[in-house]
Amino acid sequence: MILTSDAFGYGEEIPAKYTCDGENISPELSWDSFPSQTKSFALTCDDPDAPSGGWVHWVVYNIPADINSLQERMPSDSILQNGINQGLTDFRTTGYGGPCPPSGKHRYFFKIYALDENLVLEPGMEMDDLMKAISPHIIASGELMGVYSRKR
């Protein structure tokens, strides 16, 4: 699978607009080259360089198979009008929480998963619980990695 954004390319700097130093809104993301038997998608974003060993910035799931993009500035509701659910981040909120590293340059991995089933998952899940639920159903995946360091 191929995951892309109009905002940044793989390994490129995430614009401040999508971070705690800017508007802290989600970037537009789109994906393609997924299996025809895909029934739904899930998406996560995390920072493995966080001092705690990892920080979850976004958890999105129950994305219908006929949707292959997420708009910029996604609402932070746990249940969206199109049935998409969002889980709990390490900021203890639902919806997107942008990069906000305490120091240095951090990597942010946006990962998309194609699933072979329409799983019925409760809104507000944490990433670990989501990954346990979807792992047996992942038939393809893709990632987009961006970097960010705060300008002080």
Side-chain angles (χ1 to χ4, degrees), residues 1 3-10 12-32 34 38-103 105-115 117-135 137-138 141-151:
M1 288 180 63
L3 179 61
T4 60
S5 176
D6 288 340
F8 61 97
Y10 197 97
E12 293 180 357
E13 185 87 9
I14 297 171
K17 174 180 182 178
Y18 305 106
T19 74
C20 68
D21 295 320
E23 295 178 54
N24 204 21
I25 60 171
S26 63
E28 172 276 333
L29 296 169
S30 59
W31 53 93
D32 58 22
F34 49 88
T38 300
K39 302 285 191 236
S40 65
F41 298 100
L43 180 133
T44 61
C45 176
D46 69 309
D47 168 10
D49 303 318
S52 62
W55 193 267
V56 176
H57 287 265
W58 206 9
V59 180
V60 189
Y61 50 97
N62 292 341
I63 304 170
D66 63 349
I67 293 177
N68 71 332
S69 65
L70 296 176
Q71 68 192 31
E72 180 182 81
R73 197 182 301 267
M74 288 279 292
S76 60
D77 303 332
S78 60
I79 304 172
L80 303 176
Q81 288 182 349
N82 53 11
I84 294 174
N85 290 167
Q86 296 188 93
L88 203 57
T89 69
D90 283 339
F91 295 108
R92 308 315 297 162
T93 60
T94 57
Y96 177 80
C100 197
S103 63
K105 184 180 281 191
H106 287 220
R107 297 168 297 153
Y108 298 87
F109 288 89
F110 293 81
K111 298 175 186 169
I112 186 73
Y113 303 96
L115 308 177
E117 282 193 25
N118 281 317
L119 301 173
V120 179
L121 302 171
E122 295 295 318
M125 292 183 78
E126 293 185 13
M127 188 169 126
D128 287 346
D129 293 332
L130 174 68
M131 294 310 297
K132 286 176 191 164
I134 70 170
S135 286
H137 302 285
I138 297 172
S141 64
E143 80 175 20
L144 173 64
M145 186 272 292
V147 297
Y148 188 70
S149 59
R150 299 186 75 189
K151 316 306 186 252

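Worth saying up front: this structure is predicted, and the values here are computed from it rather than measured.
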- Steps toward side chain to side chain contact (heavy atoms under 4.5 Å, CB included) verdict (I63, W31): CA-CA 12 Å; I63 304 170; W31 53 93; 4.1 Å; yes

Would you say that [X] contacts [Y] through its side chain, given a criterion of any heavy-atom pair below 4.5 Å between the two side chains?
X	Y	answer
I112	L29	no
E126	R92	yes
H57	F91	yes
L144	F8	yes
Y148	E13	yes
L70	S26	no

- Atom pair CD (E28) and OH (Y18), whose distance is rounded to the nearest 0.5 Å: 8.0 Å

- Task: Rounded to the nearest 0.5 Å, what's the gap from CE on M131 to CG on D128? Could you check?
- Result: 9.0 Å

- Task: State whether K151 and D21 are salt-bridged, where the test is any N-O pair (Lys NZ or Arg NE/NH1/NH2 against Asp/Glu carboxylate O) under 4.0 Å.
- Result: no

Could you give the side-chain donor-acceptor pairs of residues 41-51 under 3.5 Å, partners two or more places apart or in another chain?
residue : atom : partner : partner atom : Å
D47     : OD1  : D49     : N            : 2.7
D47     : OD1  : A50     : N            : 3.3
D47     : OD1  : H106    : ND1          : 3.3
D47     : OD2  : H106    : ND1          : 2.7
D49     : OD1  : R107    : NE           : 3.4
D49     : OD1  : R107    : NH2          : 2.8
D49     : OD2  : R107    : N            : 2.7
D49     : OD2  : R107    : NE           : 3.0

How far apart are the closest heavy atoms of [X] and [Y], and which atoms are they?
X	Y	result
M125	Y61	N-OH, 2.9 Å
L88	V56	O-CG1, 4.4 Å
A114	T38	CB-OG1, 3.6 Å
E117	S40	O-OG, 2.8 Å
L121	A133	CD2-CB, 3.9 Å
L130	V60	CD2-O, 4.5 Å

- Item | side chain to side chain contact (heavy atoms under 4.5 Å, CB included) assessment of K17 paired with I25 | CA-CA 7 Å; K17 174 180 182 178; I25 60 171; 3.6 Å; yes

- Task: List in chain and number order the residues that pass side-chain contact (heavy atoms from CB on, under 4.5 Å) with D32, two or more places apart in sequence or in another chain; answer none if no residue qualifies.
- Result: I2

- Task: Using side-chain contact (heavy atoms from CB on, under 4.5 Å) as the criterion, list what pairs up with S69, not counting sequence neighbours.
- Result: S30

I'd like to know if the side chain of [X] and the backbone of [Y] have a donor-acceptor N/O pair within less than 3.5 Å.
X	Y	result
T94	D77	no
N24	G98	yes
Q86	P75	yes

- Message: Parallel, tilted or perpendicular: which one describes the rings of F110 and Y96, with boundaries at 30° and 60°?
- Response: parallel

- Mark yes when over 12 heavy atoms from residues, nucleotides or ligands other than E122 sit less than 6.0 Å from its CD; otherwise mark no. no

- Begin from the C-alpha positions of N85 and I79 and carry the test side chain to side chain contact (heavy atoms under 4.5 Å, CB included) through to its verdict. CA-CA 5 Å; N85 290 167; I79 304 172; 3.8 Å; yes

- Message: Pair M1, Y113 - check side chain to side chain contact (heavy atoms under 4.5 Å, CB included), show working.
- Response: CA-CA 8 Å; M1 288 180 63; Y113 303 96; over 6 Å; no

